[in-house]
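Some notes on the structure that comes next.
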Amino acid sequence: MEKFSSFRDPGTGIQPFLAPVPSQERDLFVTILTPIRAVVAVIRTAAIIVLISIHFLLVHVIGFICRPVPPLQDVISWLGTALLARLALYVIGFWSVPTELIVRKRGKIPENKWNPRAGDLIVSNWSSWIEVLWLAYKYNPLFVLPVANAPAASSARDASSISYTPGRKTGTGSAAISSFNRVLSSPEVIRGFRQVSLLEIISSTGNTPSAPSSVPLRSLDDIRRSARSPVVVFPECTTSNGRGLLRFADVFNGASVPPKGYNIFLMCVRYDPPTPSQPSLSHSVPGATLNPLRHLLQICTSLSPQSISIRQLPLSESPSSQLFIVNEVVPEPRSDVLAEVCAVLIARMGKMKRVGFGWEDKYAFLDFYRGRR
C-alpha cells in the first residue's frame with residue numbers, strides 16, 4: 001500500500017509490519033463455504049474461551065493457593081499450561097507441529113535434541129501468538145517482556161511526509177518502490193524486563209515494549225537465575241509479519257559468548273503465505289480491544305489443517321557451545337555480541353532476510369496506522 005511505503009526496508013524492499021494478504025482472485029468454492037466457515041470459527045473460538053477459563057482457574061487460582069508447596073504448584077502449572085495449550089492448538093487446526101534440527105555444517109548429524117532446563121534461555125523470532133502457545137505446550141517456560149521508553153514522537157510524524165515514486169529508477173534496472181525521506185529509528189535502551197503470564201504475553205502480541213512504571217524492573221539475568229523453568233526471550237521485542245527479521249535489541253546486556261552457567265537454545269518460526277481459504281497466521285498488527293480475538297476468529301475459519309515451520313539449532317552449534325567462535329558468525333561484533341550472534345544464526349536457520357527496522361520503527365508504524373484508520 002502506497003501510504004505505508006515509508007515502512008518498506010530500504011535495503012531489502014521488505015515491508016515487515018503490514019499483515020500479509022492473499023491474492024485477490026475470487027474462489028467460488030471458498031465463497032460457497034463461507035457460512036460453514038463462520039459457524040466453525042464461532043465454535044472453535046468458544047472452545048478456546050473455555051480452555052482459557054480452565055487455564056486461568058488452574059494456574060492463577062489453584063496454583064496461587066498452592067504457592068507454599070512449589071513442586072505441587074509446578075505440576076498444576078504444567079497441567080494448566082502445557083496440556084491446555086496443546087488442546088488449543090488442536091482446536092485451531094494444528095494437528096501436528098513438526099520440528100527440524102538445522103546444522104550449520106554440511107554432513108554433520110545433530111547428536112542431541114532440545115532439552116532446555118530451568119534457567120536456560122530460548123531465543124526466537126516473533127511473528128504470532130501461535131508460537132507462544134507452542135512454546136507453552138512444549139516447554140512450559142517463563143515468558144518475559146522488555147520495558148523501554150517510548151521512541152521520540154517525531155519518527156512517527158515523519159512517516160506522513162514520505163513521497164511515493166512508482167515505476168523504475170532511471171539507469172538502475174530495478175523497480176523503485178519508494179523514496180525514503182525518513183531514516184531508520186535509533187535503538188532505544190531496554191530498561192529491564194517484567195515476567196508475564198501466558199495470557200498476558202498472548203494479549204501483548206503485536207505491541208511494542210511498554211514504558212517504565214512504578215513496578216520494579218528486573219534484569220534478564222536476574223529473572224533467569226531465579227526461574228524454575230526455561231525463559232523465552234524475543235529480542236525483536238515485537239512481532240513482524242514474518243517476511244523479514246527485525247533488528248534485535250540489546251536485550252542480553254553485554255553477556256559473554258559462550259555464556260557461563262546456562263545454555264541458549266535458538267529457534268526460528270515461519271508461516272506459509274495466506275490464501276483465500278487460509279488467513280495469515282502471523283499477527284503483526286494488534287487489535288484495539290481483546291487482542292488477539294479478531295485474529296483468532298479469522299484463522300479459525302480455515303477448514304484445512306494449519307501448518308507451522310519450526311527450525312531449531314542443536315545445542316552443540318549454538319552460542320552456548322564452548323567450541324563456538326564468534327568471529328565465524330559475526331566478523332565485527334557490536335555492543336551486545338550475543339544479540340547479534342543470535343540474529344545472524346536465526347536468520348540463517350529460517351533463510352530470512354534481516355531488515356534495518358526495529359521495534360522503534362514498529363512503534364512509529366502503529367501510530368501512523370491507527371491515525372489513518
Side-chain angles (χ1 to χ4, degrees), residues 45-92 94 96-97 99 113-124 126 128-147 192-205 207 210 215-234 251 261-267 269 283 290-293 296 308 310 312 315:
T45 302
I48 294 296
I49 293 175
V50 171
L51 291 176
I52 291 174
S53 302
I54 298 174
H55 166 81
F56 184 85
L57 177 64
L58 285 175
V59 176
H60 298 282
V61 178
I62 299 179
F64 180 80
I65 296 174
C66 297
R67 286 185 66 182
V69 188
L72 180 59
Q73 185 185 27
D74 291 343
V75 172
I76 293 175
S77 175
W78 179 78
L79 288 172
T81 300
L83 292 183
L84 292 179
R86 187 64 189 101
L87 286 175
L89 289 172
Y90 270 123
V91 171
I92 296 171
F94 291 93
S96 176
V97 183
T99 59
K113 293 186 177 181
W114 266 39
N115 187 28
R117 300 181 183 276
D120 290 340
L121 296 182
I122 299 176
V123 183
S124 173
W126 197 9
S128 179
W129 50 271
I130 296 171
E131 60 259 33
V132 173
L133 266 183
W134 181 85
L135 284 165
Y137 145 67
K138 198 70 176 180
Y139 305 109
N140 189 23
L142 187 153
F143 294 99
V144 296
L145 286 174
V147 175
F193 290 84
R194 56 190 181 95
Q195 181 179 332
V196 295
S197 66
L198 174 61
L199 295 180
E200 187 172 357
I201 193 169
I202 288 177
S203 64
S204 299
T205 302
N207 288 299
S210 59
V215 178
L217 300 179
R218 301 174 65 189
S219 68
L220 182 60
D221 192 61
D222 182 37
I223 295 175
R224 183 197 63 76
R225 289 175 183 273
S226 60
R228 300 204 303 265
S229 60
V231 180
V232 173
V233 183
F234 298 114
V251 295
Y262 61 98
N263 292 319
I264 295 179
F265 293 83
L266 300 182
M267 60 176 274
V269 180
H283 185 56
L290 296 178
N291 183 55
L293 180 60
L296 173 63
I308 179 175
I310 296 179
Q312 300 172 319
L315 187 60

Are L296 and I48 close enough that some pair of their side-chain heavy atoms sits under 4.5 Å apart?
yes
Using atom types as modelled and distance alone, determine if a side-chain donor or acceptor of S204 lies under 3.5 Å from a backbone N or O of N207.
no
Quick one, R225 and R218 - any side-chain contact, counting heavy atoms below 4.5 Å?
no
Measure the shortest side-chain to side-chain distance between R228 and Q73 over non-hydrogen atoms and say whether it is less than 4.5 angstrom.
yes
Considering all heavy atoms of both residues, which atom of D221 and which atom of Y262 are nearest to each other, and what is their separation?
OD1-CE2, 4.4 Å
Measure the CD1-CG distance between I54 and L79 for me, rounded to the nearest 0.5 Å.
12.0 Å
Heavy-atom closest pair (H55 atom, L198 atom, distance to 0.1 Å) is CE1-CD2, 4.1 Å
Side chains of W114 and I122: does their closest heavy-atom pair fall under 4.5 Å?
yes
Looking at every non-hydrogen atom in both residues, tell me the closest pair between L58 and G80 and how far apart they are.
CD1-CA, 3.7 Å
Check against side-chain contact (heavy atoms from CB on, under 4.5 Å), V61 and F56:
CA-CA 7 Å; V61 178; F56 184 85; 4.1 Å; yes
Would you say that N291 contacts H283 through its side chain, given a criterion of any heavy-atom pair below 4.5 Å between the two side chains?
yes
C66 and L72 have their tightest heavy-atom pair at SG-CD2, 3.7 Å
Is any side-chain heavy atom of N140 closer than 4.5 Å to one of S229?
no
Which atoms form the tightest heavy-atom contact between A227 and L142, and what is the distance?
CB-CD1, 4.1 Å
Give me the ring orientation class for F234 and W126: parallel if the planes are under 30° apart, tilted from 30 to 60°, perpendicular past 60°.
parallel
Would you say the side chain of F265 lies within less than 4.5 Å of the side chain of V123, judging by non-hydrogen atoms?
no
Would you mind reporting whether L145 and F143 have side-chain heavy atoms less than 4.5 Å apart?
no
Check the pair L89, L87 against side-chain contact (heavy atoms from CB on, under 4.5 Å), reporting the backbone distance first and the verdict last.
CA-CA 5 Å; L89 289 172; L87 286 175; over 6 Å; no
Hey, are R194 and E200 close enough for a salt bridge, meaning a charged N less than 4.0 Å from a carboxylate O?
yes
Would you please name every residue forming a side-chain contact (heavy atoms from CB on, under 4.5 Å) with V97, sequence neighbours left out?
R86, F94, W134, I308, I310
Taking it one step at a time, do T45 and L293 satisfy side-chain contact (heavy atoms from CB on, under 4.5 Å)?
CA-CA 8 Å; T45 302; L293 180 60; 3.9 Å; yes
Tell me whether D120 contacts the main-chain N or O of R117 through its side chain, where contact means a donor paired with an acceptor under 3.5 Å.
yes
Looking only at heavy atoms, the pair that brings P141 and L135 closest together is CD-O, 3.3 Å
Expected output: side-chain T81 to main-chain W78 donor-acceptor under 3.5 Å
no
Check the pair V144, V196 against side-chain contact (heavy atoms from CB on, under 4.5 Å), reporting the backbone distance first and the verdict last.
CA-CA 6 Å; V144 296; V196 295; 5.9 Å; no
